[in-house]
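These numbers were taken from a predicted model, which means no experiment stands behind them.
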Amino acid sequence: MSTPQTPHSKHRAPRTPTVAQLRAFTAVAEHRHFRDAAAAIGTSQPALSGAVAALEEALGAQLVERTTRRVIITPLGERVAEHARRVLSTLHALTEEVEAARRPFTGPLHLGVIPTVAPYLLPAVLRMVRDGYPDLELHVHEERTPSLLEGLTAGRLDVLLLALPAGGTAPTRDIPLFDEDFVLVTPPEHELAGRVDVPRDVLLDLDVLLLEEGHCLRDQTLDICREIGAEISGGSTRAAGLSTLVQLVAGGLGVTLLPATALEVEASRTDRLAAVRFATPAPGRRIGLATRPGSARSAEYDRFAASLREVLRELPVRIVE
């Protein structure tokens with residue numbers, strides 16, 4: 001039976017529960033059976049029952065109703081169980097963080113990647129992780145820049161692979177990897193098709209197609225056009241990804257800018273695409289990693305970036321040492 005509450009126990013300040021008490025109670029709340037809960041956490045049934053009773057005594061509240069047939073969690077017990085799960089989850093994250101600091105490149109790493117990078121760099125990134133960091137549990141999240149930055153700030157993501165500077169409202173620690181040029185892509189019958197050393201101001205007379213809002217490549221394209229005084233409307237046509245954008249160009253709806261790393265992959269999807277190279281200095285972007293300032297894994301991320309630079313040398317980019 002649960003510890004009876006005296007008038008004194010009702011009004012005294014609760015004591016801080018122990019981790020063992022919280023673990024025992026969450027197991028009971030999950031399994032609704034003392035024997036099954038004890039087996040789940042690897043303890044004896046008397047020890048589990050004692051830990052739950054001690055938690056009730058510490059909090060001065062009844063959390064469990066025991067009957068001969070089943071276990072019932074009180075309404076307050078349900079709320080305590082939710083808090084206990086969050087506390088235990090936070091403690092688990094803490095121990096993982098410490099373990100990662102003691103043994104770099106082990107445990108989970110949540111990597112956020114923008115859509116205009118993911119299809120073109122991930123094969124090299126995944127190969128590097130598989131060959132060089134077999135104990136690293138890599139989780140990849142493909143999202144647009146605002147969502148990635150939000151996830152980094154909230155702790156949902158550990159490191160981002162995106163265009164720099166990362167921007168956003170919260171500060172980030174940016175680690176450059178490489179610079180890459182933009183390439184103008186047109187239908188094959190276009191008058192600029194296949195040309196090299198064309199000036200940027202050719203964009204003044206072209207219908208440049210854009211990605212949807214939220215893509216940093218869209219903003220970069222608009223910035224380039226503003227620099228030369230070009231007004232881009234692009235009509236009402238918008239694409240959610242580069243593959244769709246390329247198909248619109250192949251269909252004759254206009255032209256667009258592609259990052260050099262995307263050109264080979266996207267050009268292989270159709271024979272209705274031609275590349276146009278800009279004169280030096282060509283417009284482009286810088287790609288790198290972004291992390292939280294002061295992260296305990298900062299040294300690990302620096303080494304991760306160094307390994308990435310080595311495997312990315314095979315791409316049409318200029319590595320930033």
Task: Pairing of R318 and D179 as salt bridge, 4.0 angstrom limit - done: no
- [ ] With the side chain counted from C-beta on, respond yes when L273 and P188 share a heavy-atom pair under 4.5 Å apart, and no when they do not.
- [x] no
Task: Joint cluster assignment, L315 & F304, ILVMFWY side-chain distance < 4.5 Å - done: yes
Open item on the list: Quick one, T256 and T186 - any side-chain contact, counting heavy atoms below 4.5 Å?
Closed with: no
- [ ] Using a 4.5 Å cut-off on heavy atoms from C-beta on, say whether the side chain of L177 contacts that of I319.
- [x] no
Task: Nearest atoms (heavy-atom pairs only) where Q21 meets A58 - done: OE1-CB, 4.4 Å
Task: Residue list, ring-ring contact (aromatic ring centres under 6.0 Å, His included) with F178, at least two apart or on another chain - done: none
Open item on the list: Can a side-chain donor-acceptor contact be found between S44 and R35 if the only test is distance below 3.5 angstrom?
Closed with: no
TODO: Check whether V183 and V265 end up in the same hydrophobic cluster, where Ile, Leu, Val, Met, Phe, Trp and Tyr are linked by side-chain heavy atoms less than 4.5 Å apart.
DONE: yes
TODO: Report yes if some heavy atom in the side chain of F34 is under 4.5 Å from a heavy atom in the side chain of V71; otherwise report no.
DONE: yes
Open item on the list: Within the 4.5 Å heavy-atom criterion, are L160 and V113 side-chain neighbours or not?
Closed with: no
Open item on the list: If I take atom OG from residue S147 and atom CG from residue L152, how far apart are they, to the nearest 0.5 angstrom?
Closed with: 11.0 Å
- [ ] Write down the atom of V249, the atom of P187, and the distance for their closest heavy-atom approach.
- [x] O-CG, 3.3 Å
TODO: Check the pair V52, R66 against side-chain contact (heavy atoms from CB on, under 4.5 Å), reporting the backbone distance first and the verdict last.
DONE: CA-CA 11 Å; V52 173; R66 299 162 177 83; 3.7 Å; yes
- [ ] Starting from the C-alpha separation in whole Å, work towards a yes-or-no answer on side-chain contact (heavy atoms from CB on, under 4.5 Å) for I73 and L63.
- [x] CA-CA 6 Å; I73 308 299; L63 307 178; 5.8 Å; no
- [ ] List the steps, then state whether side-chain contact (heavy atoms from CB on, under 4.5 Å) holds for L157 with H141.
- [x] CA-CA 8 Å; L157 301 174; H141 306 259; 3.4 Å; yes
Task: Contact summary for A27 and I41, nearest pair of heavy atoms - done: CB-CG2, 3.8 Å
Task: Inter-residue atom distance R292.CZ - D158.CG, 0.5 Å rounding - done: 6.0 Å
- [ ] Please check if Y301 and F105 belong to a single hydrophobic cluster, counting links between Ile, Leu, Val, Met, Phe, Trp and Tyr side chain heavy atoms closer than 4.5 Å.
- [x] yes
Open item on the list: Nearest 0.5 angstrom please: F278 CZ to L184 CG, how far?
Closed with: 4.5 Å
Open item on the list: Is there a side-chain contact between T90 and L94 in this structure, where contact means two heavy atoms from C-beta onward sitting under 4.5 Å apart?
Closed with: no
Task: Under 3.5 Å donor-acceptor, R200 side chain and P281 backbone - done: yes
Open item on the list: When you group the ILVMFWY residues by side-chain heavy-atom contacts below 4.5 Å and let the links chain together, are L257 and L192 in the same group?
Closed with: yes
Extract all donor-acceptor atom pairs below 3.5 Å that involve side chains of residues 117-131 and protein atoms in other chains or at least two apart in sequence.
unit_1	atom_1	unit_2	atom_2	d
Y120	OH	E266	OE2	2.6
R127	NH2	E314	OE2	3.3

- [ ] List the atom of L242, the atom of A262, and the distance in Å for their closest heavy-atom pair.
- [x] CD1-CB, 4.0 Å
TODO: Taking ring-ring contact (aromatic ring centres under 6.0 Å, His included) as the test, write out the residues that go with H139, two or more places apart.
DONE: H110
Open item on the list: Looking at every non-hydrogen atom in both residues, tell me the closest pair between V317 and L312 and how far apart they are.
Closed with: CG2-O, 3.6 Å
TODO: Flag the pair D207 / V255 as yes when at least one side-chain heavy-atom distance between them is below 4.5 Å, and no otherwise.
DONE: no
Open item on the list: Donor-acceptor pair, distance only, cut-off 3.5 Å: does the side chain of T153 make one with the backbone of L149?
Closed with: yes
- [ ] Determine the sole option in R173, R297, R309 for which the salt bridge (charged side-chain N to carboxylate O under 4.0 Å, His left out) test with D302 is passed.
- [x] R173
Task: Value rounded to 0.5 Å, distance of CG in L148 from CD in E143 - done: 5.0 Å
- [ ] Using only heavy-atom distances, determine whether the side chains of T106 and Y133 contain a donor-acceptor pair under 3.5 Å.
- [x] no
TODO: Tell me yes or no: between the side chains of T74 and Q62, is some donor less than 3.5 Å from an acceptor?
DONE: no
- [ ] Decide if atom CD of E150 counts as having more than 12 heavy atoms of other residues, nucleotides or ligands within a radius under 6.0 Å.
- [x] no
Open item on the list: Could you report the tightest heavy-atom contact between P17 and L59, atom names first, then the distance?
Closed with: CG-CD2, 3.9 Å
Task: Spatial distance of atom CG (L211) from atom OG1 (T244) [nearest 0.5 Å] - done: 9.0 Å
TODO: For salt bridge (charged side-chain N to carboxylate O under 4.0 Å, His left out), just list the numbers for E56 and R15, CA-CA rounded to whole Å, side-chain angles, deciding distance to a tenth of an Å, and then say yes or no.
DONE: CA-CA 10 Å; E56 290 180 314; R15 299 193 301 272; over 6 Å; no
Open item on the list: Looking at E82 and R85, is there a salt bridge between them, counting it only when a charged N and a carboxylate O are closer than 4.0 Å?
Closed with: yes
TODO: Report yes if the side chains of L161 and I114 come closer than 4.5 Å at any heavy-atom pair, otherwise no.
DONE: no
Task: Evaluation steps, side-chain contact (heavy atoms from CB on, under 4.5 Å), between I224 and I228 - done: CA-CA 7 Å; I224 293 166; I228 62 171; 5.6 Å; no
Open item on the list: Side-chain heavy atoms nearer than 4.5 Å, only ILVMFWY residues, links allowed to pass through others: does that put V140 and V159 together?
Closed with: yes
Open item on the list: For the CD atom on E264, are there more than 12 heavy atoms of other groups (residues, nucleotides or ligands in this structure) within a distance under 6.0 Å?
Closed with: no
Task: Heavy-atom donor-acceptor pair, S295 side chain to T291 backbone, under 3.5 Å - done: no
Task: Presence of salt bridge, R313 and E321, under 4.0 angstrom - done: yes
Task: Side-chain ion pair, R144 and E212, N-O less than 4.0 Å - done: yes
Task: Spatial distance of atom CD (E78) from atom CD1 (I72) [nearest 0.5 Å] - done: 11.0 Å
TODO: Check whether any side-chain N or O of T270 sits under 3.5 Å from a backbone N or O of R272 as a donor-acceptor pair, and report yes or no.
DONE: yes
